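Structure first, commentary second.
Here the structure is a predicted model, which is why all the values come from computation and not from measurement.
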Amino acid sequence: MTRYALRRLLASVPVVVVASFILFWAVRATFDPLAKLRQSVDPTALHRETVRLGLDRSLPEQYLLWVKGFLRGDWGTSTRTGGAVLPMVGDALGTTLQLILWGVALAVVLALAIGLYSAARQYTAGDHLLTGLSYLGVAMPAFWFGLVLIQVLAVWPKQQFGLADPPFYFVGLHSVGHSGLDLDYLRHLVLPVATLTVGLVASWSRFGRATLLEALSSDYVRTARAKGVPRRRILLRHALRNALAPFVTVVAMDAAALVGGLVVTEQIYSIPGMGKLFLASLETGDVFVLLPWMFVVAVAVILFNLLADLSYALLDPRVALR
């Protein structure tokens, strides 16, 4: 397992290099790092910054300079805030990973429970009801659902019962003066996690149901039934275990996309995560933030792919790691 993981990581290096160069070229071709400075009338300052940033060199040379700085931890300075890029991306990534951790964990539990119920009771009233709710969850826009949650679970109870504070907060992840895993953090976490979870549960439960139904129609399940194995054991010991491998792959791929894809959720709840950072940097053309942001997201996709491959071997011993 360790050797396989190392081989996969080494094989990912060329992919990262090619992807980073394409991203570097695309960002350089789209945005001008000296756009604000060009508006000034000081050609000396413009020339000095051009030389300092290596913009007077060829594109491959600029790329190598950027890679060297990136590996040293020198990710540049944001043209939007004037702060160092590394702590900005690090803080945003940590915030987004918190949402992903809680949202994916809750979604996996609910999706598997719903998938198990629907597969075990196929075409019953409960199965039809859950199927309809899943289709509704897939079709429902995240921004609309988030605004509804704010109104129903935060604004309306505060106004209706005259509360000093709403039951759940909808701005950021902490109130002023609070930090860590306290009650204030949980009250901030409920609404964004619910907004994130509903779409994941809707799609993952459908996929889980399909893979479980496929496992339940397999020969080894029919053999287990013929031997008198209890239904509960067939579902949990045989069908679920074999259905988990493709399910985990879908979860890993979706989780990788969430690293840079929580723009709507973070914007609604004013959470300073990767999505909000990307949107703010894109609006202002902040090249020095966009490049590391895209690179971090690309690396996250590769790592989650590796995690999905390793999970196959852990969940299904028949899969050989070569």
Side-chain angles (χ1 to χ4, degrees), residues 1-9 11 97 100-139 193-194 196-259 300-322:
M1 179 76 71
T2 303
R3 289 196 300 269
Y4 174 77
L6 291 175
R7 286 199 304 268
R8 282 297 308 272
L9 286 174
L97 288 178
I100 293 175
L101 173 64
W102 294 110
V104 168
L106 180 61
V108 165
V109 173
L110 293 177
L112 285 177
I114 293 173
L116 274 170
Y117 180 90
S118 295
R121 295 168 173 80
Q122 186 181 17
Y123 301 137
T124 61
D127 179 31
H128 289 305
L129 175 62
L130 291 173
T131 298
L133 292 176
S134 297
Y135 291 150
L136 178 63
V138 171
V193 168
L196 168 63
T197 301
V198 64
L200 297 179
V201 172
S203 58
W204 291 353
S205 63
R206 291 300 87 201
F207 185 79
R209 177 182 182 273
T211 55
L212 280 166
L213 287 175
E214 182 180 356
L216 288 173
S217 62
S218 302
D219 292 338
Y220 61 86
V221 171
R222 287 195 289 268
T223 302
R225 286 173 178 163
K227 291 182 177 180
V229 178
R231 180 179 179 82
R232 180 185 181 88
R233 187 176 180 182
I234 290 176
L235 278 173
L236 299 180
R237 186 78 176 272
H238 299 281
L240 179 59
R241 183 174 181 179
N242 286 277
L244 276 179
F247 181 84
V248 168
T249 301
V250 172
V251 170
M253 294 300 299
D254 287 350
L258 290 175
V259 173
V301 171
I302 292 173
L303 291 178
F304 275 99
N305 267 293
L306 175 61
L307 180 64
D309 289 342
L310 295 178
S311 66
Y312 256 103
L314 294 175
L315 295 171
D316 191 349
R318 296 172 300 178
V319 177
L321 296 179
R322 297 177 181 176

Within 6.0 angstrom of Glu214 CD, more than 12 heavy atoms from elsewhere: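 Atom CD in Glu214 is not crowded, with 12 or fewer foreign heavy atoms closer than 6.0 Å.
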
Value rounded to 0.5 Å, distance of CG in Leu303 from CZ in Arg8: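 Taking CG in Leu303 and CZ in Arg8, the distance rounds to 10.5 Å.
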
Answer whether the closest heavy-atom distance between the side chains of [X] and [Y] falls below 4.5 Å.
| X | Y | result |
| --- | --- | --- |
| Ile114 | Leu133 | no |
| Leu244 | Leu112 | yes |
| Asp127 | Arg209 | yes |
| Thr131 | Arg206 | yes |
| Asp254 | Val104 | no |

Chi angles and distances behind the side-chain contact (heavy atoms from CB on, under 4.5 Å) call for Ile302, Leu9: CA-CA 9 Å; Ile302 292 173; Leu9 286 174; 5.9 Å; no

Closest heavy-atom pair and its distance - [X], [Y]:
| X | Y | result |
| --- | --- | --- |
| Leu200 | Leu196 | CG-O, 3.5 Å |
| Ala119 | Leu212 | CB-CB, 3.7 Å |
| Ser205 | Ser134 | OG-OG, 3.3 Å |
| Val301 | Ala256 | CA-CB, 3.8 Å |
| Thr249 | Ala308 | CA-CB, 4.1 Å |
| Pro246 | Asn242 | CD-O, 3.8 Å |

Expected output: side-chain Ser118 to main-chain Gly115 donor-acceptor under 3.5 Å: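 No, Ser118 side chain to Gly115 backbone: no donor-acceptor pair under 3.5 Å.
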
Sidechain-backbone polar pair: Arg225 side chain, Ile234 backbone, donor-acceptor under 3.5 Å: no

Identified side-chain contact (heavy atoms from CB on, under 4.5 Å) counterpart of Val251 within the set Trp204, Phe304, Phe207: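 Result for side-chain contact (heavy atoms from CB on, under 4.5 Å) with Val251: Trp204.
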
Worked verdict on Leu235 versus Leu216 for side-chain contact (heavy atoms from CB on, under 4.5 Å): CA-CA 8 Å; Leu235 278 173; Leu216 288 173; 3.9 Å; yes

Side-chain H-bond candidate by donor/acceptor type, Arg222 with Ser217, under 3.5 Å: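 No, because no side-chain N or O of Arg222 sits under 3.5 Å from a partner of the opposite role on Ser217.
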
